[in-house]
Amino acid sequence: MKIFQFVFDEAEHLLYYYYKGEALIRKGYPFFLPKVNPQEEYVAYPSLLVRIGRTGREVAARFAHRYINGIGVGVDLVHLNRWHDLQSAGLPWEEAVAFEYASAGNLYDEVFDDEGPLPNYSVEGMGMSSVITESMMRQAVERMSRLNIIHVGDILSIRTLSTSAIPLQVENNYIINLTSDRNYTLRVK
């Protein structure tokens, strides 16, 4: 299983994506904030999670729903200070976004008919809200399958550029919701 993060602008143009790693934080496990000095900041970006349910290559956007077997909600974890330092130096910034357990969330099984997913999914939590559209989901599946073979269990984490970052603090819980009955609680230790 691989995790890929996709970030879209408000016009639904894909700005960038990056490989996050091999695993989500296990269900029920906390995120252990690395012991860093007080100026270091880790943040969480609420995201829609899409689980791939079948292997494919060069999947057209109109067929993307056939490759999805799970939808959920989670967070994209970023070491913000390191990201800014690397970006301003013009260096690759993967180490600020793709460290061990840099993603977390809950996935729910989902089977789509020929109509495909809902037109919009609202991701809410901690006083913020963003909308991920069906078009964004389809673009993410299409783009990923053009560059790599997508495999059963791969997860695409999708968010918008305008999604507000949630600063993380030790001993806090952060609840992210998707629709009425789907949520994820990130516990920070």
Side-chain angles (χ1 to χ4, degrees), residues 1-10 14-51 70-108 121-132 136-137 140 144 153-189:
M1 170 186 73
K2 294 182 205 79
I3 303 166
F4 298 90
Q5 177 69 47
F6 292 83
V7 180
F8 289 85
D9 67 12
E10 295 307 311
L14 179 59
L15 294 178
Y16 57 84
Y17 73 93
Y18 44 88
Y19 173 75
K20 293 292 286 185
E22 292 293 330
L24 291 169
I25 295 173
R26 283 193 235 158
K27 191 172 184 174
Y29 279 60
F31 172 63
F32 291 98
L33 201 60
K35 293 180 182 174
V36 293
N37 66 42
Q39 290 80 19
E40 296 291 308
E41 185 175 17
Y42 282 80
V43 297
Y45 289 96
S47 302
L48 177 76
L49 302 181
V50 174
R51 184 179 58 219
I71 300 276
V73 65
V75 291
D76 170 26
L77 302 169
V78 176
H79 183 183
L80 199 58
N81 302 77
R82 187 72 182 136
W83 185 67
H84 286 301
D85 292 346
L86 292 167
Q87 198 174 35
S88 63
L91 298 170
W93 39 268
E94 286 82 5
E95 71 182 68
V97 298
F99 50 89
E100 185 175 19
Y101 300 121
S103 289
N106 260 350
L107 283 153
Y108 300 86
Y121 290 86
S122 180
V123 178
E124 302 171 346
M126 305 303 297
M128 61 73 52
S129 176
S130 67
V131 174
I132 306 302
M136 291 175 185
M137 291 171 51
M144 201 67 255
D154 285 352
I155 296 173
L156 310 180
S157 178
I158 304 167
R159 68 177 172 89
T160 61
L161 186 64
S162 64
T163 301
S164 299
I166 301 168
L168 300 179
Q169 295 178 345
V170 175
E171 300 301 330
N172 280 349
N173 294 334
Y174 303 90
I175 300 171
I176 310 299
N177 297 305
L178 175 67
T179 63
S180 59
D181 62 340
R182 298 179 181 193
N183 61 56
Y184 174 72
T185 301
L186 175 68
R187 295 182 309 129
V188 179
K189 295 287 184 183

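Owing to the predicted nature of the structure, the values given are computational and were not obtained by experimental measurement.
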- The reported gap from CG in Leu24 to CG in Leu107 (rounded to nearest 0.5 angstrom) is 6.5 Å

- Is it true that a side-chain atom of Glu41 and a backbone atom of Leu80 form a donor plus acceptor pair closer than 3.5 Å? no

- More than 12 heavy atoms of other groups within 6.0 Å of Tyr19 OH: yes

- Task: Give the ring-plane orientation class for Tyr42 versus Phe99, where under 30° counts as parallel, over 60° as perpendicular and anything between as tilted.
- Result: perpendicular

- Message: Using the side-chain hydrogen bond (donor to acceptor under 3.5 Å, both in side chains) criterion, which residues pair with Glu124? Sequence neighbours excluded.
- Response: Ser122

- Query: Roughly how far, to the nearest 0.5 Å, is the CE atom of Met144 from the CG atom of Leu156?
  - Reply: 7.5 Å

- Query: How far does NE2 of His79 sit from CG of Leu168, to the nearest 0.5 angstrom?
  - Reply: 11.5 Å

- Message: Pair Gln5, Ser47 - check side chain to side chain contact (heavy atoms under 4.5 Å, CB included), show working.
- Response: CA-CA 9 Å; Gln5 177 69 47; Ser47 302; 3.7 Å; yes

- Message: Has Asn177 got a side-chain atom pairing as donor or acceptor with Gly125's backbone, closer than 3.5 angstrom?
- Response: no

- Message: Could you measure the distance from the CZ atom of Arg187 to the OH atom of Tyr29? Nearest 0.5 Å is fine.
- Response: 10.5 Å

- Results of side-chain hydrogen bond (donor to acceptor under 3.5 Å, both in side chains) for Arg159 - residues two or more places apart only: Asp76

- Closest heavy-atom pair, Met137 versus Ile71, reported as atoms and distance to 0.1 Å, is CE-CD1, 3.4 Å

- Leu91 and Trp93: CA distance, side-chain angles, deciding distance, side chain to side chain contact (heavy atoms under 4.5 Å, CB included) verdict: CA-CA 6 Å; Leu91 298 170; Trp93 39 268; over 6 Å; no

- Query: Does Tyr101 offer a backbone N or O that forms a donor-acceptor pair with the side chain of Ser103 under 3.5 Å?
  - Reply: no

- Nearest 0.5 Å, what's the CG-CD1 distance between Leu186 and Ile176? 7.5 Å

- Query: Shortest non-hydrogen contact from Thr160 to Glu10?
  - Reply: CB-OE2, 4.0 Å

- Item | Listed partners of Tyr108 passing side-chain hydrogen bond (donor to acceptor under 3.5 Å, both in side chains), at least two apart | none

- Task: Identify the two heavy atoms, one from Phe6 and one from Leu14, that lie closest to each other, and give their separation to 0.1 Å.
- Result: CD2-CD1, 3.7 Å

- N/O donor-acceptor pair under 3.5 Å between Asp154 side chain and Lys2 backbone: yes

- Message: Between Phe31 and Leu77, is there a side-chain heavy-atom distance shorter than 4.5 Å?
- Response: yes

- Query: Atom CD1 in Ile175, atom CE in Met126: separation rounded to 0.5 Å?
  - Reply: 8.5 Å

- Query: Is the closest side-chain heavy-atom distance between Leu178 and Asn183 below 4.5 Å?
  - Reply: no

